[in-house]
Each structure stands twice: as structure tokens, then as C-alpha cells.
Amino acid sequence: MTVIDEMGKASAKAQNLPAPITSASRMQTNRHVLYILMDHDVKGSGKGAVIGFLKVGYKKLFVLDRHGAHNEVEPLCVLDFYIHESLQRHGYGKELFQHMLQSERVEPHQLAVDRPSEKLLCFLRKHYNLKETISQVNNFVIFEGFFANQHGAHHLLNGEPGGPAAQRRRTSGGCRGQAGLIAQRSSYSRYGNPKGAANIPERRAMGQEPSKRLQDVETCLGSATIPSQDPSDLPSLSKSGVHPPNGALCSSEEPPVATQPEPTDRTEDPGIRAVAESKPSRQGAHTDRLPPWLGSRCHDAPWAPWGKQQSWTVAGVFHDAQWIRYKQEYRNTRPW
Ligand SMILES: CC(=O)SCCNC(=O)CCNC(=O)[C@H](O)C(C)(C)COP(=O)(O)OP(=O)(O)OC[C@H]1O[C@@H](n2cnc3c(N)ncnc32)[C@H](O)[C@@H]1OP(=O)(O)O
């Protein structure tokens with residue numbers, strides 16, 4: 001947990017975020033999956049060192065297509081990605097990302113990326129030829145080809161085999177947040193407490209034999225270290241190999257993440273839903289100005305605090321333009 005917290009802090013610092021968006025406590029309360037790249041061969045320590053991590057998870061989003069129409073989708077999203085400063089541009093990011101793609105069984109253009117940094121945009125352009133973005137009004141970035149695979153995404157929703165993130169999405173609340181996956185440079189391990197191990201037979205059942213090298217995270221990560229932020233602290237790191245010093249570097253003078261106000265993941269946004277559901281749908285609505293993405297009734301909403309404007313009822317649920325906009329904004333994991 002300390003290692004995850006420290007990685008989250010380092011990533012936030014690298015991205016100039018006001019607070020970490022990845023921490024062990026957050027991993028326990030959501031269905032995201034954390035891939036961690038580790039080097040076991042750190043000379044001297046015997047504990048291994050963390051090189052970086054990649055956090056992904058499925059999210060319901062409203063995204064615009066090329067015609068400006070809203071689509072409600074649930075893509076796999078890249079939520080946080082970090083390689084230690086001293087090791088960037090050595091190919092480790094690609095190694096980790098590639099492992100995630102294979103493990104989740106997704107193509108790069110099927111992903112949505114949560115407010116990508118300039119470095120990540122360059123990375124995606126270079127390694128996956130993802131250049132053309134489709135403009136959105138939220139902070140997620142999607143690329144040309146995203147809508148071509150919606151059929152595949154639907155399959156995942158309906159129980160087709162998927163990667164760890166898809167499994168976690170399908171897992172009932174009881175197992176929520178209890179399993180993750182560690183990608184190590186030389187071996188892959190599942191991160192989880194004893195209950196989390198319940199997911200392993202599920203992988204077998206889907207014909208995906210767990211690696212012979214599968215281990216409990218306690219044996220590989222529990223004692224691992226993370227390189228410090230300052231590359232100058234790492235004199236033994238070479239361009240060709242990763243050799244952080246022995247016993248390095250979990251120390252931090254910052255207070256623990258748990259004591260800082262954590263950013264809220266508003267994916268569920270129950271408050272917004274409650275407001276929407278408490279409003280009755282009016283009968284006798286206008287039907288002549290339907291938005292392109294909805295084939296249903298259109299209302300005025302004189303009771304709305306924001307005044308009279310268009311609203312729609314879809315499958316019996318009240319919607320208006322502001323609500324849609326609101327939802328888009330608050331589905332982002334980075335509220336700032
Ligand atoms: C949704 C999100 O998570 S947004 C946040 C993304 N994370 C960050 O910005 C944190 C800081 N950056 C990093 O941790 C890393 O640079 C990552 C994760 C983006 C990429 O990992 P790396 O190990 O550096 O990638 P890898 O070595 O496989 O590929 C290198 C390519 O990435 C891109 N890249 C990496 N660093 C930079 C940089 N400083 N400036 C511009 N492009 C960069 C380039 O395309 C580079 O290719 P090039 O060297 O030929 O120009």
C-alpha cells in the first residue's frame with residue numbers, strides 16, 4: 001500500500017496535479033486495475049524496484065462522435081500512467097502499455113484517455129499512431145476509430161471474456177476493489193488479498209491459464225521499493241539497466257495520502273441522479289425538436305432552477321441538456 005501511495009504521489013507531482021489520483025485506499029473502493037512494472041533484478045536489495053504503473057478502468061461516458069451526436073459508452077479508460085523520471089524514454093512505458101492492451105484484450109483506438117498529458121499524447125502518437133482526436137466537451141480524449149469498435153465493447157458488457165478490468169467491472173460489489181494486477185518486468189502477478197484470489201479461478205474458467213510465475217503480491221511487491229523523485233538520488237541507474245540503490249526510497253516528507261483530502265471519483269454521481277429522478281416528466285411535451293441522439297419526448301422544464309429549457313425523457317427517465325453536460329463533467333476522475 002505504501003508503494004502504491006508513493007507511486008500515486010510521484011505521478012501527481014509529474015503531472016502537476018494538486019493531489020494524487022492513485023492511492024491504495026482508492027484502489028480498494030473502485031474497480032480500477034493497476035498494472036505495475038517492476039524490476040526484480042535490482043542489485044543488492046533483493047526486493048525489486050518499481051519502475052512505473054498504469055491504471056485503467058471502465059467508465060460510463062457521454063462522448064461526441066464526428067457528427068457531434070452524444071453517445072453513451074463504457075470504454076476502458078487510461079486513468080493514470082507514470083514511469084519514474086529517471087527511466088522515461090527507455091521503452092518501459094511501451095512495455096507496460098503493451099502488456100495492458102494484451103491483458104485487457106483491447107486495441108489502442110478503443111481506449112478513452114482521461115486528460116492526457118503532452119507526454120502521453122506524444123507516446124500514443126509514436127507507438128500507436130493515434131493522432132486524430134475526436135473533440136469532446138469533457139476531459140477525456142478519444143481517437144479516430146473509437147466508434148468502429150463499439151460492437152466489441154457491447155460484447156464485453158454482455159459477458160464475453162475480457163481482461164482483468166472487464167472482470168472487475170462484472171464482479172459483484174462483494175469483491176469490489178479487492179484484486180488488481182501487477183505486471184513485472186520478468187513476471188506477472190496478481191495483486192490481491194485472500195478474498196481477491198477468488199478471481200483467479202475465473203481466469204482459468206475463461207481459458208486463460210495463469211502464468212506459472214503467478215505469485216501473491218506480498219511476495220513481490222510487499223517488500224519492493226520505489227525510486228525517489230530525484231534522478232540524482234539514483235547514481236547507479238544506467239541507461240541500459242535499472243539498478244536503484246539498496247533499500248531506497250519509500251521515504252517521503254509529505255504527509256500520508258490518507259490525511260490529505262482525496263479527489264472525489266464522481267463516476268456514480270448519486271446526487272445528480274437523485275435530482276434528475278426527483279423531477280417528474282411532464283406530459284404534453286414538444287416532440288418537434290428532438291436531439292439527434294435521442295428518439296424520445298422533448299419537454300420544457302419550467303420548474304428547473306436554471307429556468308425554462310429543453311429536456312428529454314428517455315426510457316422513462318428525465319433528462320435535460322444541462323443534466324447531460326453535468327454528467328459529462330462529473331464523470332471525470334479529475335474534478336479539477
Ligand atoms: C491519463 C494519464 O495518465 S495522463 C499522464 C501521463 N503521465 C505523465 O505525463 C507522467 C510523466 N510521463 C511519464 O511518466 C512517461 O513519459 C510516460 C508514461 C508518458 C511514457 O513512458 P515512457 O517510458 O517515457 O515511454 P516510452 O519510453 O515507452 O516511449 C517514449 C515516447 O514517449 C513520449 N515521451 C516520453 N517522454 C516525453 C517527453 N518528456 N516529451 C515528449 N514526449 C515524451 C515520446 O513519444 C517518446 O518517444 P521519443 O523519445 O522517440 O520522443
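One-based numbering along the sequence shown. Remember, it's 1-based here, ligands and their atoms both numbered in the order they're listed.
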How far apart are the C-alpha atoms of Glu104 and Tyr58, what are their side-chain angles, what is the distance that settles it, and do they pass the side-chain hydrogen bond (donor to acceptor under 3.5 Å, both in side chains) test? CA-CA 11 Å; Glu104 298 293 341; Tyr58 282 88; 4.7 Å; no
Using heavy-atom distances, let me know which of Arg115, Arg89, Lys119, Gln98 sits nearest atom 12 (N) of ligand 1. Lys119
Show me which atoms of ligand 1 lie under 4.0 Å from any heavy atom of Tyr82. 14 (O)
Go through ligand 1 atom by atom and flag the ones less than 4.0 Å from a non-hydrogen atom of Pro116. 4 (S)
May I ask you to check whether Gly93 has an N/O atom sitting below 3.5 Å from an N/O atom of ligand 1? yes
How long is the straight-line distance from OH of Tyr92 back to CD1 of Ile83, given to the nearest 0.5 Å? 9.0 Å
Is Ile83 touching ligand 1 with its side chain, its backbone, both, or neither, if touching means heavy atoms under 4.0 Å apart? both
What atoms in ligand 1 come closer than 4.0 Å to a heavy atom of Leu120? 1 (C), 2 (C), 4 (S), 6 (C)
Does Phe53 reach the side chain of Asp80, with side-chain heavy atoms less than 4.5 Å apart? yes
Counting heavy atoms only, name the option from Tyr92, Phe140, Phe81 that's nearest to atom 17 (C) of ligand 1. Phe81
Contact check, side chains of Val33 and Pro164, non-hydrogen atoms, under 4.5 Å: yes
Whether Tyr82 and His84 hold their rings parallel, tilted or perpendicular, with breakpoints at 30° and 60°: perpendicular
A student checking ligand 1 against Lys94 at a 4.0 Å heavy-atom cut-off should list atoms 28 (O)
Just jot down the ligand 1 atoms closer than 4.0 angstrom to any heavy atom of Asp114, in number order. 1 (C)
Looking only at heavy atoms, is any part of Glu118 under 4.0 Å from ligand 1, and if so is it the side chain, the backbone, or both, or is it neither? neither
Under a 4.5 Å cut-off applied to non-hydrogen side-chain atoms, are Pro20 and Ser11 in contact? no
Tell me the contacting part of Lys126 for ligand 1: side chain, backbone, both, or neither, using a 4.0 Å heavy-atom threshold, strictly below. side chain
Val78 heavy atoms within 4.0 Å reach ligand 1 at atoms 1 (C)
Assess whether atom CD of Glu144 is packed by more than 12 heavy atoms of other residues, nucleotides or ligands within 6.0 Å. yes
How are the rings of Phe97 and Phe81 set relative to one another: parallel (under 30°), tilted (30 to 60°) or perpendicular (over 60°)? tilted
Heavy-atom contacts with Asp80 under 4.0 Å: which atoms of ligand 1 show up? List them by number with element. 3 (O)
Does even one non-hydrogen atom of Arg125 get within less than 4.0 Å of ligand 1? no
Show which atoms of ligand 1 fall inside a sub-4.0 Å distance from at least one heavy-atom site of Val113. 1 (C)
Applying side-chain contact (heavy atoms from CB on, under 4.5 Å) to Phe146 and His109, what does each step give before you reach the verdict? CA-CA 5 Å; Phe146 178 86; His109 60 263; 5.9 Å; no
Specify side chain, backbone, both or neither for His90, according to which of its non-hydrogen atoms lie closer than 4.0 Å to ligand 1. backbone
Leu64 vs Val137 side-chain heavy atoms within contact, under 4.5 Å: yes
